[in-house]
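Quick caveat, the model's predicted, so the values are computed rather than measured. Throughout, protein chains are lettered first and strands after them, A, B, ... in sequence-line order, and every chain is numbered starting at 1. Both backbone and side-chain heavy atoms feed into the values below; hydrogens, waters and symmetry mates do not.
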There are 2 protein chains.
Amino acid sequence: MDKNLKRMATMHRMQVKGLELFYQNGYYNTSVDDILKSLSLSKGAFYHHFQSKEDFFISIIQNLIVQKVYSMLIEPIEKCDNPFRALESCFDNALETAQYNEMDYGFILSNFMTEFNRRNTEISNYLRDIYKVWEVNLVTTLQRAKTDGYLERHVDSEAVATYLISSYIGIRTLMVEGNCKALRYQYMQQLKTYFKSIEHSTLVS
Amino acid sequence: MDKNLKRMATMHRMQVKGLELFYQNGYYNTSVDDILKSLSLSKGAFYHHFQSKEDFFISIIQNLIVQKVYSMLIEPIEKCDNPFRALESCFDNALETAQYNEMDYGFILSNFMTEFNRRNTEISNYLRDIYKVWEVNLVTTLQRAKTDGYLERHVDSEAVATYLISSYIGIRTLMVEGNCKALRYQYMQQLKTYFKSIEHSTLVS
DNA sequence: CTTTTTACCGACCAAGTGGTCGGTGAGGTT
DNA sequence: AACCTCACCGACCACTTGGTCGGTAAAAAG
């Protein structure tokens, strides 16, 4: 009984450190030994808990990456009054976190999507699923915004979601190069400009 | 005299094939042997022409990647009448090329920027330089658009450039996952919506 | 107290990795 | 004809990679 707890604890330690190093150096550029060395664990321990490096990464996706995306980008906009203000503060908070994170290496989801694209179909699919959930959630929010009178009815919700996701992926990619503060400010400013053009005009100000 | 030609030809063959494989599989996931094998060349040939794998990649950046970005994203908007229409067709053409490219692995510049971020400073800088040229060019175009009366004077050109680049990087990342046609359409549609909100209104329609 | 389960160890393996180096032979120079 | 330059060869090197496997010791079960 106690053993199961220890098992979970060790696995979790490996996953957390694994994600940290994969995120920093990339999956293919991080060896299992790198992770083990920084945890003072052995090969035996690793392959006792996980079938392979790939299996290990999949467990990381399902246990850690899903959660991160949920808590950062999905949950904050589910419970919203004015959806546009909710989206703005959600995105701004995410960028703020990145800005003050000394160890920011970009948007975790898009980084891995890029790295595994067409190189590992299974992992790509897991990542795609997360992205799809995010997208569906945005579309739902925008649809609700229409019925609630916040969004012009003629606007294509899916197109807006795509455009939002695109711009977010892009700004996070740019922010790793530095000058985050200015980039964040510029991005938020233009995001608001864009929102103004699709918001239901009678409700603005 | 003839030797120099042969030298250039071989180097160029290596660079082209190298870029192809690095782009497909990533830099760290592509070995020098992979490139050599698919060209039926030997290790000796490679290290006769290039000092190292890294040096080789830098030469690829300077000879091939710079050129691609220029011809796809920079030159098309330099000679423009209406800057917004020029930007639209430039972006749409770039997305069209990607859509019909069976071997599309995303936006070459942002893919490599992601892969080398904080992992190889020298290469990152070379890539950043290209991105900066693109950015400066966009800003210049937007500034000119102001003096020419196409763009509202109160608009922050640099912010618009950042927002444009972000969204482009993002949509190219998404397009690799498939469904390119819809994504391209949605993107272009919202890009135009966004442009409408910053274009000088007296000139519209 | 014995037996079984299991978390973890670390030597080992085959298959790569980037990079070196002494060649070889065709082409140009003298 | 003699020489030299240089594009290219391929065996070789030290090292790292993901992954295996027989072992150990401690905790849980009997």
Would you mind reading off the distance between [X] atom [atom1] and [N] atom [atom2], rounded to a whole angstrom?
X     : N      : atom1 : atom2 : result
B:D33 : C:dT17 : CG    : C1'   : 8 Å
B:M11 : D:dA7  : CE    : P     : 9 Å
B:F50 : C:dG19 : CZ    : P     : 13 Å
B:K37 : C:dT17 : NZ    : C1'   : 12 Å
B:L36 : D:dC8  : CG    : P     : 11 Å
B:K6  : C:dA26 : NZ    : C1'   : 8 Å
B:N25 : C:dG16 : CG    : C1'   : 15 Å
B:Y28 : D:dT17 : OH    : C1'   : 16 Å

Side-chain N or O of [X] versus OP1/OP2 of [N]: is the shortest distance under 4.0 Å?
X     : N      : result
B:T10 : D:dA7  : no
B:Y47 : C:dG19 : yes
A:S42 : C:dC8  : no

For residues [X] and [Y], determine if any side-chain heavy atom of one lies less than 4.5 Å from a side-chain heavy atom of the other.
X      : Y      : result
B:F46  : B:M11  : no
B:K17  : B:L39  : yes
A:E115 : B:E115 : no
B:F50  : B:F57  : no

Closest approach of A:L109 to A:L127 (non-hydrogen atoms, all atoms of both residues): CD1-O, 3.8 Å
Base C:dG19 to side chain B:K53, donor-acceptor N/O within 3.5 Å cut-off: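 A donor-acceptor contact between them is absent.
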Check: A:E78/A:N137 side-chain N/O donor and acceptor closer than 3.5 Å: yes
Check: A:F112 ring centre within less than 6.0 Å of A:F22 ring centre: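 No, the ring of A:F112 stays outside the 6.0 Å limit from the ring of A:F22, centre to centre.
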DNA chain D-proximal residues of residues 13-23 of chain B, any heavy atom under 4.0 Å: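 Within this stretch, nothing sits under 4.0 Å of the strand.
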Terminal helix-axis angle for the helix from C:dC1-D:dG30 to C:dA26-D:dT5, with five pairs defining each axis and rounding to 10 degrees: 10°
Residue mapping more 5' on DNA chain D - nearest nucleotide basis, A:D34 or A:G44: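 On the 5' side of the pair lies A:D34.
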Sequence-distant partners of B:T10, side-chain contact (heavy atoms from CB on, under 4.5 Å), two or more places apart: B:K6, B:M14, B:L41, B:H49
Test applied, salt bridge (charged side-chain N to carboxylate O under 4.0 Å, His left out); reference residue, B:E199; option that passes from B:K146, B:R153, B:R85, B:K192: B:R85
Mutual orientation of the aromatic rings belonging to A:Y28 and A:F116 [parallel < 30°, tilted 30-60°, perpendicular > 60°]: tilted
5′-ward residue of the pair A:H48/A:K43 relative to DNA chain C: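 Looking at DNA chain C, the more 5' nearest nucleotide goes with A:H48.
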Selection from C:dA7, C:dG18, D:dG19 that lies nearest to any side-chain heavy atom of B:S31: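 Looking only at heavy atoms from C-beta outward on B:S31, the closest nucleotide is C:dG18.
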